[in-house]
Amino acid sequence: MEESKAKVGINPEFLPFLKGTHVNSVDESVNISIAMYLFTARKITLARAAELGGKSISEFIQILIDHNIHWAEYSEDHKKQDDETIEFILKEDGKQDGSNK
């Protein structure tokens, strides 16, 4: 299968900023940048962003951390589930304590 490449003109003034600790080339930097954008825009998943950026999930997470980008989402639904689980565990612990006396 032939690899499709898009030709993009990059302002040469960007080039000094496109070299980072996690990249080996301008192409890699641009691909990672696009993957980061698509992930933060919630257009693709973390796993897909890592794949498109040519990195493992752990490498991609580290890149996000290095850029102060939150990679995990903790929603109100997650909090509600956690609160319910904690309440359940505390009730279960109380039942066990009461039956041991």
Side-chain angles (χ1 to χ4, degrees):
M1 185 171 166
E2 186 179 319
E3 186 176 331
S4 175
K5 293 205 174 210
K7 192 169 188 170
V8 177
I10 297 176
N11 183 331
E13 292 181 35
F14 285 129
L15 295 177
F17 303 104
L18 292 176
K19 297 178 182 165
T21 56
H22 299 285
V23 297
N24 298 316
S25 69
V26 171
D27 286 346
E28 185 178 358
S29 181
V30 170
N31 286 330
I32 290 170
S33 296
I34 293 170
M36 287 171 44
Y37 164 73
L38 293 172
F39 172 72
T40 58
R42 296 182 175 176
K43 296 191 180 283
I44 58 175
T45 65
L46 177 66
R48 184 69 174 137
E51 179 184 349
L52 290 173
K55 300 292 180 184
S56 70
I57 292 175
S58 62
E59 289 171 325
F60 193 73
I61 287 171
Q62 187 59 54
I63 292 168
L64 294 173
I65 290 168
D66 292 347
H67 288 86
N68 294 319
I69 297 172
H70 297 282
W71 60 273
E73 184 177 298
Y74 192 73
S75 68
E76 278 298 316
D77 286 340
H78 292 126
K79 183 180 180 329
K80 182 179 176 186
Q81 289 174 349
D82 287 348
D83 289 344
E84 290 171 357
T85 302
I86 290 168
E87 185 177 333
F88 176 79
I89 291 170
L90 291 174
K91 283 181 182 176
E92 287 296 308
D93 283 347
K95 286 180 185 176
Q96 289 177 350
D97 290 344
S99 64
N100 291 337
K101 290 183 183 179

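Just so you know, residue 1 is the first one in the sequence shown, and it goes up from there. Everything numeric in this text was worked out from a predicted model, so none of it was measured.
When atom types are taken as modelled, the side chain of S33 and the backbone of S29 share a donor-acceptor pair closer than 3.5 angstrom.
Taking D83 as the reference, K79 meet the salt bridge (charged side-chain N to carboxylate O under 4.0 Å, His left out) condition, with sequence neighbours excluded. Under the side-chain contact (heavy atoms from CB on, under 4.5 Å) criterion, L46 pairs with F39, I57, F60, I61, L64, W71, sequence neighbours left out. Residues satisfying the side-chain hydrogen bond (donor to acceptor under 3.5 Å, both in side chains) criterion with T85, sequence neighbours excluded, are absent altogether. Every residue was checked against the side-chain hydrogen bond (donor to acceptor under 3.5 Å, both in side chains) condition with Q81, not counting sequence neighbours, and none meets it. For S58, the side-chain contact (heavy atoms from CB on, under 4.5 Å) partners at least two apart in sequence or on another chain are S56. Residues satisfying the salt bridge (charged side-chain N to carboxylate O under 4.0 Å, His left out) criterion with E87, sequence neighbours excluded, are K91.
With contacts defined as side-chain heavy-atom distances shorter than 4.5 Å, the pair I10/V30 qualifies. Side-chain contact check for I65 versus Q62: some heavy-atom pair is nearer than 4.5 Å.
Put simply, CG on L38 and CZ on R48 are 10.0 Å apart, with the number rounded to the nearest 0.5 Å. To the nearest 0.5 Å, atom NE2 of residue H67 and atom CD1 of residue I32 are 8.5 Å apart. Separation of atoms CD (E51) and OG1 (T45) is listed at 8.5 Å; rounding is to 0.5 Å. With rounding to the nearest 0.5 Å, the separation of CG in N31 from CE in M36 is 12.5 Å.
Shown here is E84, whose CD atom has more than 12 heavy atoms of other residues, nucleotides or ligands within 6.0 Å.
A49 and A35 get closest at one heavy-atom pair: O-CB, 3.3 Å.
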